Enquirer: 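Quick one: this structure, given as structure tokens, is what I'll be asking you about.
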Amino acid sequence: MSATAVSSLLKQDNTFSTTVDYHGKVPVEHLDYGYIEKCTDVKYLEKILTVLRSGDEGIYPQLIQFCESHLERLDPRSRALRKDNPVATAASLSTDEWSQIIDEMKMWKEETKEIETSLKRQLMFHDMENENMPPVRGSNCSVPLTQNSVPKGKKHPSKSALPRDYREWDKFDVDKECERIDENVAKKDPPALINSGHPKIKPKVDATSLTDQEKHLLANREKDKGNEAFRANDYEEAVSYYSRSLSIIPTVVAYNNRAQAEIKLQHWHNAMKDCQRVLELEPDNIKALLRRATVQKHLGNFQMAADDLRIVLREEPQNVTATKLLIEIDKKIRECQPEQIGKGKKILIQDVEEEEDVNSNDVIKMKAKQKGEFV
């Protein structure tokens, strides 16, 4: 009897139960043509198919095929219907596909070699960094390398004998022992050398022998060093590292950062030059406009500072820094205006008085001539 005939006979059985239990095992009664045909639950059908394929309840090739066909009608994209393909080999692929794979592998091999070569060439970066290596930031003193902190032959100093019973402890002089320890420490410690001057860092880097990729890498590394020095409030060192980065590749970010460090050092003219260079590259750079306004304020050019701040607020109306600075500068401008007006009135009054004196002298001379008197 065929599978279709069996399923048609079982369709007439209305007493067949279709209750689904997801948590337990699949009952043997559910491994049946009639149940599988009536079942519309895709997940449970997948579970039934898994049990049938495992062979735990027996091997039924026709029932497995019937279950797969019914599951395909309900859900053609079911994961249970997927079949593993054998591993692709040169024999299973066409000539064009295999040659394409070989070409891609060769390209990958060449790119890997190029990257490896560039990484090996980065060894010269370490030589550049070791030139004029500054001491550890924040340390104001250092010990010479030729001088050991502990003298030879005294690395394990002999300890004084400790008291052994209570009577000896009573005789133990604590203050005297502390003084003796302090004297030993003072004698053993080497004198510290104080670094009075700031470490000299070359402001330029010779990058003529580097590729473009290496130049970008080295410029970013020097800029990051400058950022680290700026965060540590070491603004002179930050300026040096930003200058090194700019000597390799001039960028807007490095110019902006160096301008901010120059402002912290109150080097107003240097900061102005950096701001001008940024605005030549990017005329609407907000940071450069803000920093140039700060410089103009300290140089006394209040009107020019106000113009820069108004451009910033036109682009970013909610900029708190620009708003506060503009209020301060407007106040300075209002304070300067009355002084200029007052000085002008005073000059006018003085000119009028001089003219009156001249006219009165001329009148006296004319009267004297008329009387024949000598003036």
Side-chain angles (χ1 to χ4, degrees), residues 125 128-129 131-132 134 137 197-208 210 212-316 318-330 332-333:
F125 293 164
M128 293 180 180
E129 291 175 358
E131 294 180 0
N132 299 318
R137 187 179 293 110
H198 196 276
K200 293 183 179 180
I201 302 171
K202 290 183 179 180
K204 292 184 179 180
V205 178
D206 185 11
T208 54
L210 302 179
D212 292 339
Q213 184 180 1
E214 291 169 347
K215 287 180 180 179
H216 281 286
L217 181 63
L218 187 58
N220 288 330
R221 187 177 298 179
E222 296 297 326
K223 178 178 67 66
D224 293 339
K225 289 180 183 179
N227 294 340
E228 183 182 352
F230 188 91
R231 285 191 291 268
N233 299 329
D234 194 347
Y235 303 119
E236 292 183 4
E237 187 174 333
V239 169
S240 299
Y241 281 121
Y242 290 141
S243 300
R244 288 170 66 88
S245 177
L246 290 168
S247 68
I248 302 167
I249 297 177
T251 58
V252 170
V253 177
Y255 276 125
N256 250 333
N257 292 355
R258 191 172 70 173
Q260 184 63 23
E262 296 284 7
I263 289 172
K264 292 291 185 180
L265 294 171
Q266 298 184 4
H267 298 167
W268 309 120
H269 295 288
N270 293 339
M272 177 66 75
K273 290 178 183 178
D274 288 339
C275 292
Q276 291 295 120
R277 289 169 184 169
V278 173
L279 293 172
E280 288 174 2
L281 298 172
E282 292 184 6
D284 297 331
N285 191 284
I286 300 300
K287 289 184 178 180
L289 289 169
L290 276 173
R291 287 161 190 173
R292 188 173 71 172
T294 303
V295 174
Q296 298 283 21
K297 173 192 169 185
H298 286 90
L299 293 176
N301 303 326
F302 301 120
Q303 190 59 48
M304 298 176 71
D307 294 340
D308 286 341
L309 292 172
R310 289 191 180 94
I311 295 173
V312 173
L313 292 174
R314 195 183 307 145
E315 298 292 332
E316 296 182 2
Q318 305 299 327
N319 195 307
V320 180
T321 305
T323 305
K324 290 182 179 179
L325 191 57
L326 184 60
I327 292 171
E328 294 178 8
I329 291 173
D330 285 341
K332 292 282 187 182
I333 293 173

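Note that the coordinates shown come from a computational prediction; the quantities given were computed from them, not determined experimentally.
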Enquirer: Ignoring hydrogens, what is the shortest heavy-atom contact between Ala238 and Gly226? Give both atom names and the distance.
Expert: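 Answer, listing the atom of Ala238 first, then Gly226: CB-O, 3.5 Å.
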Enquirer: Of all heavy-atom pairs between Trp268 and Val295, which one has the smallest distance, and what is that distance?
Expert: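 Nearest heavy atoms, Trp268 then Val295: O-CG1, 3.4 Å.
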Enquirer: Locate the shortest heavy-atom distance separating Leu289 from Pro283; write the atom from each residue and the value.
Expert: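 The pair with the smallest heavy-atom distance is CD1-O, 4.4 Å.
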Enquirer: Under the side-chain contact (heavy atoms from CB on, under 4.5 Å) test, which residues partner Glu282, sequence neighbours left out?
Expert: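 Partners of Glu282 under the side-chain contact (heavy atoms from CB on, under 4.5 Å) test: Val252, Asn285.
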Enquirer: To the nearest 0.5 Å, tell me how far Lys273 NZ sits from Gln276 CD.
Expert: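 If I round to the nearest 0.5 Å, the distance is 11.0 Å.
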Enquirer: Check whether any side-chain heavy atom of Asp274 lies under 4.5 Å from a side-chain heavy atom of Arg277, and answer yes or no.
Expert: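 Sidechains of Arg277 and Asp274: in contact.
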Enquirer: Give the C-alpha distance, both sets of side-chain angles, the deciding distance and a yes or no for side chain to side chain contact (heavy atoms under 4.5 Å, CB included) between Leu299 and Met272.
Expert: CA-CA 10 Å; Leu299 293 176; Met272 177 66 75; 4.2 Å; yes
Enquirer: Rounded to the nearest 0.5 Å, what separates atom CG in Asp206 from atom OG in Ser247?
Expert: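 Going from the CG atom of Asp206 to the OG atom of Ser247 covers 9.0 Å.
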Enquirer: Could you tell me which residues satisfy side-chain contact (heavy atoms from CB on, under 4.5 Å) with Glu316, sequence neighbours excluded, listed by chain and number?
Expert: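 Glu316 satisfies side-chain contact (heavy atoms from CB on, under 4.5 Å) with Ile286, Asn319 once adjacent residues are dropped.
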Enquirer: In Å, rounded to the nearest 0.5 Å, how long is the span from CD of Glu214 to CZ of Arg221?
Expert: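 Those atoms lie 10.5 Å apart.
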Enquirer: Output all residues satisfying salt bridge (charged side-chain N to carboxylate O under 4.0 Å, His left out) with Lys297, sequence neighbours left out; order by chain, then residue number.
Expert: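 Testing Lys297 for salt bridge (charged side-chain N to carboxylate O under 4.0 Å, His left out), a comparison that skips the adjacent residues, returns Glu328.
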Enquirer: Going by the rule salt bridge (charged side-chain N to carboxylate O under 4.0 Å, His left out), which residues pair with Asp307 if we only count those two or more places apart in sequence or in a different chain?
Expert: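 Scan of Asp307 (salt bridge (charged side-chain N to carboxylate O under 4.0 Å, His left out), adjacent residues dropped) gives Arg310.
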Enquirer: Enter the distance from Leu218:CG to Ile248:CD1 here, rounded to the nearest 0.5 Å.
Expert: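 These two atoms lie 3.5 Å from each other.
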Enquirer: Answer yes or no: is there a donor N or O on one side and an acceptor on the other, between the side chain of Arg291 and the main chain of Cys275, under 3.5 Å?
Expert: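 Side chain of Arg291 to backbone of Cys275: no pair is present.
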Enquirer: Run the side chain to side chain contact (heavy atoms under 4.5 Å, CB included) test on Arg314 and Ile311 for me, step by step, so that the C-alpha distance in whole Å, both residues' side-chain angles and the decisive distance to 0.1 Å come before the verdict.
Expert: CA-CA 5 Å; Arg314 195 183 307 145; Ile311 295 173; 4.2 Å; yes
Enquirer: Excluding sequence neighbours, so at least two apart, what forms salt bridge (charged side-chain N to carboxylate O under 4.0 Å, His left out) with Asp308?
Expert: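 Listed in chain order: Arg292.
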Enquirer: Are any side-chain N or O atoms of Arg244 and backbone N or O atoms of Lys202, one a donor and one an acceptor, separated by less than 3.5 Å?
Expert: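 Such a contact is found between Arg244 side chain and Lys202 backbone.
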Enquirer: Could you work out, with side-chain contact (heavy atoms from CB on, under 4.5 Å) as the rule, every residue matching Lys332, not counting sequence neighbours?
Expert: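 Lys332: side-chain contact (heavy atoms from CB on, under 4.5 Å) contacts with Phe302, Glu335.
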Enquirer: Applying side-chain hydrogen bond (donor to acceptor under 3.5 Å, both in side chains) to Tyr255 and Asn257, what does each step give before you reach the verdict?
Expert: CA-CA 6 Å; Tyr255 276 125; Asn257 292 355; over 6 Å; no
Enquirer: With heavy-atom distances below 4.5 Å as the criterion, would you say the side chains of Lys223 and Tyr241 are in contact?
Expert: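 A side-chain contact under 4.5 Å is absent here.
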Enquirer: With a 4.5 Å cut-off on side-chain heavy atoms, are Leu309 and Leu290 touching?
Expert: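 SC-SC contact between Leu290 and Leu309 confirmed.
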Enquirer: About how many Å separate CD of Gln260 and OH of Tyr242, when rounded to the nearest 0.5 Å?
Expert: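 It comes to 9.0 Å.
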Enquirer: Say you draw a straight line from CD1 of Ile333 to CD of Gln303; how long is it, rounded to the nearest 0.5 Å?
Expert: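 It is 4.5 Å, given to the nearest 0.5 Å.
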